[in-house]
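Take a look at the structure below.
Being a predicted model, the structure only gives us computed values, none of them experimental. Order of appearance sets the numbers: ligands from 1, and atoms from 1 within every ligand. Any value given below was found using the heavy atoms of this structure, including those in side chains, with hydrogens, waters and symmetry copies removed.
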Amino acid sequence: MDIDIKALPTPCYIVDERLFLRNLEILNSVQERTGCKILLAQKGFSMYSLFPLASKYLTGVTSSSLFEARLGYEEMGKEVHIYAPAYIEEEFEEIMSYCDHISFNSFDQWNRFKAKVKNQPTKLISCGIRINPEYSEIETPIYDPCYQNSRLGVTLANFRPDELEGIEGLHFHTMCEQNSDTLERTIRVVDQKFGEYIKKMKWLNFGGGHHITRSDYDIETLIRSIKYFQEKYGVEVYLEPGEAVALNTGFLVAKVLDIVDNGMKIAILDTSAACHMPDVLEMPYRPKIIDAGKPEEYSYTYRLGGHTCLAGDIIGDYSFKQPLKSGDRLVFCDMAHYTMVKNNMFNGVNLPSIVLYNEEEGIKVVKQFGYEDFKNRLS
Ligand SMILES: *Cc1c(COP(=O)(O)O)cnc(C)c1O
């Protein structure tokens, strides 16, 4: 990493615009080669200081709530899509003021809100239904929308062809961090089960979970899959990746506060798995750290823990070539997505600052947090 990490406030999330731009260019090349439309799923990445840059390449945003829809509308200002497992009646008018595409999770939801959509005078809103093709290749149930008794999407058995009037699109989301071979197998099932309905649609949304910007991602198979539906049914194809937009573009920089000993050396950091990288505990997974190895790989092994009082606030065991000491900085990799959007102030722990890096301006601290942010969520 060529950024001067000693110049950064800690903890901080830093996103490298050069890497972000590279991802946008890859995504845009898929749009250009196929004519498909790619939306940023804000659930995974909502760093809106980068939305103006993203808007030069992507078609718009997708959102899962009123607040995300509003953020995308205000900060990106292009197409705004929304899908939620259920909409809140009191919020729906405002949702319609921001969104041009609304996908419903059930025919009952569609029937409840369709008059509102029809009767709002200001713009055209294209409506869709989320389907559940009951096919996915995800091992972890918490991330599997096709898991047994899933609440997400309408299965073929529950599909109501006679209630489709006014529906212009179908939406499926069944992938997570996957390559396009999974997509290719998935669309075969989608086509086999729902093809006769896709025929009547204007658009088909392939959801997220496509790891398009990963170095081993097979873009040709993605392109073939998009073209398959475009050519067979004349539909417009949408993709809405979150993770792939920000994949490998950001870091979390933290500082060692103390080293304690209890059967092994344990370093306590000014960051926290529970507060600042919740997927480390939820998924769970082990983030990479620059210049660190697996336990015992280098001479000095440490368990890295957060500074909350949660016993399980442990990031993992890592080894280093030099002993760690207070004040040392650690750089956690791939920390742009599903971090800022999920972090919290448990234990009164402050949030990491948000920092941008680009070649012209260097390091730019775009946001710092403080006591007021903590207090404002409580009463
Ligand atoms: C989570 C989600 C996405 C984005 O998924 P990524 O894995 O971040 O690409 C897109 N669409 C829907 C409906 C989602 O729930």
Side-chain angles (χ1 to χ4, degrees), residues 20 23-24 26-27 30 36-47 50 54 58-69 71-72 76 79-87 95 99 101-106 109 127-133 136-147 150-154 169-180 182-183 186-187 190 203-214 217 219 222 225-226 237-250 277-279 282-283 285 334-342:
F20 190 69
N23 284 357
L24 292 174
I26 294 172
L27 295 167
V30 174
C36 82
K37 293 184 167 178
I38 301 187
L39 310 167
L40 161 67
Q42 292 174 94
K43 185 184 77 188
F45 185 74
S46 294
M47 186 173 166
L50 282 168
L58 303 179
T59 300
V61 294
T62 191
S63 37
S64 4
S65 60
L66 170 63
F67 292 170
E68 281 187 359
L71 186 70
M76 179 89 81
E79 285 191 23
V80 179
H81 294 225
I82 190 168
Y83 156 80
Y87 294 107
I95 285 175
C99 298
H101 289 69
I102 301 180
S103 289
F104 295 91
N105 189 54
S106 71
Q109 280 273 299
C127 291
I129 291 278
R130 176 164 172 174
I131 53 172
N132 174 1
S136 68
E137 301 179 6
I138 301 168
E139 312 280 323
T140 326
I142 191 179
Y143 294 111
D144 183 0
C146 301
Y147 196 64
S150 170
R151 72 190 189 294
L152 306 174
V154 183
L170 295 180
H171 177 294
F172 66 90
H173 170 72
T174 59
M175 290 171 52
C176 181
E177 301 187 334
Q178 280 160 319
N179 212 318
S180 47
T182 300
L183 176 66
T186 303
I187 65 163
V190 169
W203 53 268
L204 180 64
N205 188 321
F206 285 8
H210 316 276
H211 241 187
I212 302 170
T213 51
R214 198 174 73 197
Y217 187 87
I219 288 189
L222 169 68
S225 301
I226 294 166
V237 171
Y238 283 96
L239 305 178
E240 45 180 34
E243 185 155 329
V245 178
L247 187 68
N248 290 318
T249 63
M277 39 184 128
D279 277 353
E282 185 181 301
M283 203 145 188
Y285 84 102
D334 197 20
M335 283 287 166
H337 57 85
Y338 290 102
T339 48
M340 287 173 249
V341 289
K342 283 185 106 171

His171 N/O under 3.5 Å from ligand 1 N/O
no
Given the options Lys43, His81, His171, Glu240 meets side-chain hydrogen bond (donor to acceptor under 3.5 Å, both in side chains) only with His171
Heavy-atom nearest neighbour of atom 5 (O) of ligand 1 within options Ala246, Gly209, Ala244:
Gly209
Does any N/O atom on Glu243 come nearer than 3.5 Å to any N/O atom on ligand 1?
yes
Atoms of ligand 1 under 4.0 Å from any heavy atom of Ala41, numbered from 1 in the order shown, are 3 (C), 4 (C), 10 (C)
Quick one: nearest non-hydrogen protein atom to atom 3 (C) of ligand 1, plus distance?
His173 CE1, 3.6 Å
For ligand 1, find out whether one of its N or O atoms is nearer than 3.5 Å to an N or O atom of Gly242.
yes
Looking at atom 11 (N) of ligand 1, what's its closest protein heavy atom, distance included?
Glu240 OE2, 2.7 Å
Can you list the ligand 1 atoms lying under 4.0 Å from a non-hydrogen atom of Pro241?
9 (O)
Validation row, ring centre Tyr238 to ring centre Phe206 under 6.0 Å:
no
Ignoring hydrogens and geometry, is there a side-chain-to-backbone donor-acceptor pair from Asn132 to Val154 under 3.5 Å?
no
With distance as the sole test, does Asp144 use its side chain to make a donor-acceptor pair with the main-chain N or O of Ser136 at under 3.5 Å?
no
Regarding ligand 1, does Glu177 bring an N or O atom to under 3.5 Å of one of the ligand's N or O atoms?
no
Measure from the side-chain N and O atoms of Asn23 to the backbone N and O of Val245, and report whether any donor-acceptor pair falls under 3.5 Å.
yes
Of the protein's non-hydrogen atoms, which lies at the shortest distance from atom 15 (O) of ligand 1, and what is that distance?
Lys43 NZ, 2.7 Å
With nothing but distance in play, are any N or O atoms of Tyr338 less than 3.5 Å from an N or O of ligand 1?
yes
For Arg130, take its heavy atoms, then give the atoms of ligand 1 lying under 4.0 Å from any of them.
13 (C)
Main-chain N/O of Ser64 paired to Glu68 side chain as donor or acceptor, under 3.5 Å
yes
Please evaluate residues Ile26 and Tyr217 with respect to the criterion side-chain contact (heavy atoms from CB on, under 4.5 Å), reporting the C-alpha separation (whole Å), side-chain torsions for both, the decisive distance (0.1 Å), and the verdict.
CA-CA 11 Å; Ile26 294 172; Tyr217 187 87; over 6 Å; no
Indicate yes or no for a side-chain donor-acceptor contact from His173 to the backbone of Gly208 under 3.5 Å, with no hydrogens or angles considered.
yes
